[in-house]
Number of protein chains: 2
Amino acid sequence: MAEVALLGFKPQLVVPGMKAEAAVQFYKAAFGAEEIGRVTHPKRKAEQECPLILYAELKIGSSLILVSDCFDAAGEESAAAAGGGGIAFRLEAEDVDAAVKKAAAAGAEVMSEVLEEEGSLLGKVKDPFGVVWAIAAVGKKSPEPEA
Amino acid sequence: MAEVALLGFKPQLVVPGMKAEAAVQFYKAAFGAEEIGRVTHPKRKAEQECPLILYAELKIGSSLILVSDCFDAAGEESAAAAGGGGIAFRLEAEDVDAAVKKAAAAGAEVMSEVLEEEGSLLGKVKDPFGVVWAIAAVGKKSPEPEA
């Protein structure tokens, strides 16, 4: 199979119970984490004082980690997701389709088809060791949806 | 509290059932991982063809991950550990004691006292969000034990 360009990954901590903000504050206090970026859900941002965190990116020493609230594809915290949480890896690829196909050929389970999410392509696979890899496109953002 | 120098962390995948080698091969096939280092248990290495993997360090794109077999402090695969597995973070610190104390002060649970393991100091804390951080000393290795 042809080589697939993978640029790297970041661990993503998915925090149940709308506690991602609490987790961010904890990592600042415990490990001196520096918040270098944050993406909140646009709808929740407008409606609520406490927006749902899609990703807060933290730097601990020289390493990066993403902290997220649990949410389903519609951006709503789901009851199913709220009980879960855990750690996944967000893997950046130039060609998401090719990366998902290569992982599947090696034995990973495809959890969801490649879809456009948050303005870029995203596919999800679970590997034979239980690790979820969210494979995301980089450098090929689709245009912002019109308001 | 004084600043504690943390150098960064690496995700560590702990694989039950002596399947770390299989995981390494899978990540090579699925994500083009490159193995850049491996530490096996010295006793197991001498006695068996299939040594227990303390850490295999893989590079996926520009990112690093550690893959380990489940083992207890004595280096033996334990029945309890074999059923578990999962993802932890190995956090590198200049002063392990200070880093553990700061994390505990912020609300982390100290899982084990700071001990010498594999020739360097290691402490373990679990944060309020269920993540295990193995805090390891860097650059201050204790001398090799005499044979």
Look at the side-chain heavy atoms of Ile, Leu, Val, Met, Phe, Trp and Tyr, link any pair under 4.5 Å apart, and say whether [X] and [Y] land in one connected group.
X	Y	answer
A/L66	A/L54	yes
B/L122	B/I53	no
B/V110	B/V131	yes
B/F9	B/L121	yes

> Apart from A/V132 itself, what residues make up its hydrophobic cluster, given side-chain heavy atom links below 4.5 Å?
Replying inline: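 Besides A/V132, the hydrophobic cluster comprises A/M111, listed by chain and residue number.
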>> Side-chain heavy atoms under 4.5 Å apart, restricted to Ile/Leu/Val/Met/Phe/Trp/Tyr: what other residues fall into the cluster of B/L64, or is it alone?
In response: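 Members besides B/L64, by chain and number: B/I36.
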> What is the minimum heavy-atom distance between B/P11 and A/P11, and which atoms define it?
Replying inline: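 Closest heavy-atom pair between B/P11 and A/P11: CG-CG, 4.3 Å.
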> So which heavy atom on A/F31 is nearest to which on B/A103, and how close?
Replying inline: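 Of all heavy-atom pairs spanning A/F31 and B/A103, the closest is CE2-CB, 3.9 Å.
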>> Restricting to side-chain contact (heavy atoms from CB on, under 4.5 Å), what partner residues turn up for A/A93, sequence neighbours left out?
In response: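 Checked A/A93 against side-chain contact (heavy atoms from CB on, under 4.5 Å); matches are A/L6, A/A99, A/I135.
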>> Nearest 0.5 angstrom please: B/F89 CZ to A/I60 CD1, how far?
In response: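 Nearest 0.5 Å value for the CZ-CD1 distance: 8.5 Å.
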> So what's closer than 4.5 Å to chain A heavy atoms on B/A104: side chain, backbone, both or neither?
Replying inline: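 Neither; nothing under 4.5 Å.
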Can you pull out the donor-acceptor contacts between chain A and chain B, under 3.5 Å, including backbone atoms?
unit_1: A/L7; atom_1: O; unit_2: B/S62; atom_2: N; d: 3.1
unit_1: A/L7; atom_1: O; unit_2: B/S62; atom_2: OG; d: 2.9
unit_1: A/F9; atom_1: N; unit_2: B/S63; atom_2: OG; d: 2.8
unit_1: A/F9; atom_1: O; unit_2: B/S63; atom_2: OG; d: 3.0
unit_1: A/Y27; atom_1: OH; unit_2: B/D127; atom_2: OD2; d: 2.4
unit_1: A/S62; atom_1: N; unit_2: B/L7; atom_2: O; d: 3.1
unit_1: A/S62; atom_1: OG; unit_2: B/L7; atom_2: O; d: 2.9
unit_1: A/S63; atom_1: OG; unit_2: B/F9; atom_2: N; d: 2.8
unit_1: A/S63; atom_1: OG; unit_2: B/F9; atom_2: O; d: 3.0
unit_1: A/D127; atom_1: OD2; unit_2: B/Y27; atom_2: OH; d: 2.4

>> Taking every non-hydrogen pair under 4.5 Å, which of B/A22, B/A5, B/G130 racks up the most with chain A?
In response: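 Top count of heavy-atom pairs under 4.5 Å with chain A: B/A22.
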> A/F129 and B/V67: side chain to side chain contact (heavy atoms under 4.5 Å, CB included), yes or no, with the steps?
Replying inline: CA-CA 11 Å; A/F129 311 96; B/V67 178; over 6 Å; no
